[in-house]
**Q** 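Pasting a structure below so you can have a look.
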Amino acid sequence: QVHLVESGGGSVQSGGSLRLSCAVSGDIISNYRVGWFRQAPGKQYEGVAASASDGRSRYADSVKGRFTISRDNAANTLYLQMSSLKPEDTAMYYCAADLASYRRFSLQLLPAEYNAWGQGTQVTVSS
């Protein structure tokens with residue numbers, strides 16, 4: 001069973017930076033695509049960034065140029081470096097893995113296709 005645990009959230013001022021980590025156990029993340037999602041209060045899940053098994057990545061337009069997704073396959077850990085944070089980035093952030101290996105090269109940011117989720121880490125950006 002794949003288990004994901006996020007860390008690194010917190011409160012920062014607008015323009016600040018944070019680095020989220022997601023430690024994965026139970027399987028090797030190099031086999032799968034992984035991603036970061038967020039949910040603000042009263043809103044639906046939003047795909048933030050995806051990393052395919054071959055290393056390609058994709059970003060939501062709202063974070064492009066500010067966020068960077070990366071993975072350390074040796075450490076079985078996923079990261080999200082967030083810079084130039086804005087108040088609208090405030091949300092609970094989740095890492096997720098898609099365990100369907102046939103989709104491991106896909107960069108779709110569809111929450112329904114990801115079937116292993118962490119518990120989330122809160123990011124709050126004040127103006």
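Numbers for residues simply follow the sequence, beginning at 1.
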**Q** Give the minimum heavy-atom separation between N31 and D27, together with the two atoms involved.
**A**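 Looks like ND2-OD1, 3.6 Å.
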**Q** Once rounded to the nearest 0.5 Å, what's the spacing between atom CD1 of I29 and atom OG of S25?
**A**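 Separation between the atoms: 11.5 Å.
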**Q** Under a 4.5 Å side-chain heavy-atom rule over Ile, Leu, Val, Met, Phe, Trp and Tyr, are V48 and M82 clustered together?
**A**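 Yes, one cluster joins them.
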**Q** How far apart are the closest heavy atoms of V34 and A97, and which atoms are they?
**A**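 Closest pair (atom of V34, atom of A97, distance): CG1-CB, 4.0 Å.
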**Q** Rounded to the nearest 0.5 Å, what separation is found between the OG1 atom of T124 and the CG atom of L18?
**A**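 T124 OG1 to L18 CG: 9.5 Å, rounded to 0.5 Å.
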**Q** May I ask you to test the Q39-Q44 pair for a side-chain heavy-atom distance under 4.5 Å?
**A**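 Sidechains of Q44 and Q39: no contact.
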**Q** Using a strict threshold of under 4.0 Å (side-chain N to carboxylate O), is an ion pair present between D89 and R38?
**A**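 Yes, R38 and D89 are salt-bridged.
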**Q** Between C95 and L78, what is the shortest heavy-atom contact and its length?
**A**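 Shortest heavy-atom contact: CB-CD2, 4.1 Å.
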**Q** State plainly whether one hydrophobic cluster holds both V12 and V63, where clusters connect Ile, Leu, Val, Met, Phe, Trp and Tyr through side-chain heavy atoms under 4.5 angstrom apart.
**A**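 Yes: a chain of side-chain contacts under 4.5 Å links V12 to V63.
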**Q** Roughly how far, to the nearest 0.5 Å, is OG of S21 from CG of L4?
**A**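 Here the rounded value is 12.5 Å.
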**Q** Using every non-hydrogen atom in the two residues, find where S127 and S14 come nearest and quote the distance to one decimal.
**A**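 Of all heavy-atom pairs spanning S127 and S14, the closest is CA-CB, 4.2 Å.
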**Q** Checking Y93 now: which residues fulfil ring pair (Phe, Tyr, Trp, His ring centres under 6.0 Å) with it, not counting sequence neighbours?
**A**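 Ring pair (Phe, Tyr, Trp, His ring centres under 6.0 Å) check on Y93 returns nothing, list empty.
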**Q** To the nearest 0.5 Å, how far apart are OH in Y32 and CZ in R103?
**A**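 So the OH of Y32 and the CZ of R103 are separated by 12.0 Å.
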**Q** Give me the one residue out of L85, V123, V125 that meets side chain to side chain contact (heavy atoms under 4.5 Å, CB included) with T90.
**A**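 Exactly one option meets the side chain to side chain contact (heavy atoms under 4.5 Å, CB included) with T90, and it is V125.
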**Q** Can you tell me which residue pairs pass the side-chain hydrogen bond (donor to acceptor under 3.5 Å, both in side chains) test with a partner in residues 67-85, sequence neighbours excluded?
**A**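 Listed once each, the pairs are S51-R71.
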**Q** For Y59 and A49, which heavy atoms make the closest approach, and how far apart are they?
**A**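 Minimum heavy-atom separation between Y59 and A49: CD2-CB, 3.6 Å.
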**Q** Measuring from atom CZ of F37 to atom CG of L80, what distance do you get when rounded to the nearest 0.5 angstrom?
**A**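 One gets 11.5 Å once the value is rounded to the nearest 0.5 Å.
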**Q** May I ask you to check whether E46 and S62 show a side-chain donor-acceptor distance below 3.5 Å?
**A**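 Yes - a donor-acceptor pair under 3.5 Å links their side chains.
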**Q** Kindly determine whether C22 and W36 satisfy side chain to side chain contact (heavy atoms under 4.5 Å, CB included), including the steps that lead there.
**A** CA-CA 9 Å; C22 175; W36 288 95; 3.8 Å; yes
**Q** Could you tell me whether a side-chain N or O of Y45 sits under 3.5 Å from a main-chain N or O of A40, the two making a donor and an acceptor?
**A**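 Not a single qualifying donor-acceptor pair exists.
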**Q** Measure the spacing between CZ of R58 and CZ of R56 and express it to the nearest 0.5 Å.
**A**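 R58 CZ to R56 CZ: 10.5 Å, rounded to 0.5 Å.
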**Q** Check for a donor-acceptor pair, side chain of E6 on one end and backbone N or O of Q119 on the other, with a separation under 3.5 Å.
**A**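 Checked: pair present.
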**Q** Measure from NZ or CZ of R33 to the centre of the six-membered ring of Y114, then state whether that distance is under 6.0 Å and the direction lies within 45° of the axis.
**A**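 Here R33 passes the 6.0 Å and 45° test against Y114.
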**Q** Taking the side chain from N115 and the backbone from L99, do they hold a donor-acceptor pair closer than 3.5 Å?
**A**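 Yes; at least one donor-acceptor contact below 3.5 Å.
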**Q** Between S57 and I69, what is the shortest heavy-atom contact and its length?
**A**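 Scanning both residues completely, I find the closest heavy atoms to be CB-CG2, 3.6 Å.
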